[in-house]
Amino acid sequence: MQKPEKKTCYRCGKERVVSKTWKEKVGNSIVETTEYVCTDEKCEATQKKDLRNQKNKRLQMEKRKRDSLRDRKKLAAHNKALRS
Ligand SMILES: [Zn+2]
């Protein structure tokens with residue numbers, strides 16, 4: 001059997017270890033997913049925080065997009081009302 005490939009952290013270069021593995025059903029096949037965590041606790045915590053921030057930013061952007069779309073529709077309706 002092949003030894004699992006050693007992973008290094010892209011942030012700090014330290015070794016990453018398997019935190020958990022689980023099997024997921026994707027379509028008709030079962031895929032084994034492995035989650036790695038950095039052996040540096042601080043680095044790992046920072047990564048988790050970054051991930052959360054990224055998610056928040058994405059959610060905010062989506063909300064802004066929705067809002068501007070709504071405003072544009074409102075404006076269009078307003079302009080139409082003015083013309084008639
Ligand atoms: Zn790290």
Side-chain angles (χ1 to χ4, degrees):
M1 219 174 94
Q2 240 185 339
K3 242 178 109 182
E5 188 192 338
K6 249 195 191 173
K7 300 244 181 199
T8 45
C9 178
Y10 69 95
R11 286 183 77 97
C12 66
K14 282 183 187 154
E15 199 182 326
R16 288 169 81 85
V17 290
V18 174
S19 121
K20 57 180 176 182
T21 56
W22 68 95
K23 286 184 174 124
E24 246 177 296
K25 206 171 172 220
V26 179
N28 287 323
S29 52
I30 305 283
V31 178
E32 198 177 70
T33 312
T34 311
E35 192 183 86
Y36 289 88
V37 289
C38 184
T39 43
D40 189 323
E41 257 174 59
K42 269 191 203 148
C43 177
E44 179 58 27
T46 311
Q47 283 181 51
K48 286 219 172 97
K49 213 168 82 191
D50 279 1
L51 218 69
R52 239 195 339 261
N53 284 344
Q54 272 168 24
K55 202 175 157 198
N56 281 345
K57 233 183 256 171
R58 205 171 48 227
L59 287 177
Q60 262 170 25
M61 247 156 67
E62 278 167 15
K63 187 181 178 295
R64 224 174 294 156
K65 222 195 264 174
R66 272 202 308 274
D67 283 354
S68 78
L69 199 73
R70 203 187 49 212
D71 284 352
R72 231 178 306 162
K73 273 186 192 159
K74 229 194 277 174
L75 195 70
H78 179 71
N79 286 341
K80 208 174 155 195
L82 277 183
R83 255 175 286 157
S84 58

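This is a predicted model, so every value here is computed, not measured.
From Thr39, atom OG1 reaches atom CD of Glu41 across 10.0 Å, with rounding to the nearest 0.5 Å. For the atom pair CG of Asp50 and SG of Cys43, the computed distance is 9.5 Å after rounding to the nearest 0.5 Å. For the atom pair CG (Asp40) and OG1 (Thr46), the distance works out to 8.0 Å, reported to the nearest 0.5 Å.
Contact of the Cys38 side chain with the Gln47 side chain is registered, since non-hydrogen atoms from C-beta on lie closer than 4.5 Å. Inter-residue side-chain proximity for Asn79 and Leu75 is flagged as met; some heavy-atom pair is nearer than 4.5 Å. Residues Val17 and Val37 are in side-chain contact: their nearest non-hydrogen atoms beyond the backbone lie under 4.5 Å apart. Put simply, the side chain of Asp67 reaches to within 4.5 Å of the side chain of Arg70, judged on heavy atoms. Between Lys14 and Thr8 the shortest side-chain heavy-atom distance does not fall below 4.5 Å.
In terms of modelled atom types and a separation under 3.5 Å, the side chain of Glu24 and the main chain of Val31 share no donor-acceptor contact. Although no hydrogens or angles enter the test, the distance criterion places no donor-acceptor pair under 3.5 Å between the side chain of Arg16 and the main chain of Lys7.
Enclosure of atom CD in Glu62 by more than 12 non-hydrogen atoms of other residues, nucleotides or ligands within 6.0 angstrom is indicated.
Residues satisfying the side-chain hydrogen bond (donor to acceptor under 3.5 Å, both in side chains) criterion with Ser19, sequence neighbours excluded, are Glu35.
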Evaluate the side-chain contact (heavy atoms from CB on, under 4.5 Å) criterion for residues Glu15 and Cys9: first the C-alpha distance (whole Å), next the side-chain angles of each, then the deciding distance (0.1 Å), finally the verdict.
CA-CA 6 Å; Glu15 199 182 326; Cys9 178; over 6 Å; no
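For the side-chain contact (heavy atoms from CB on, under 4.5 Å) criterion with Arg58, the lone passing option out of Gln54, Lys55, Met61 is Lys55.
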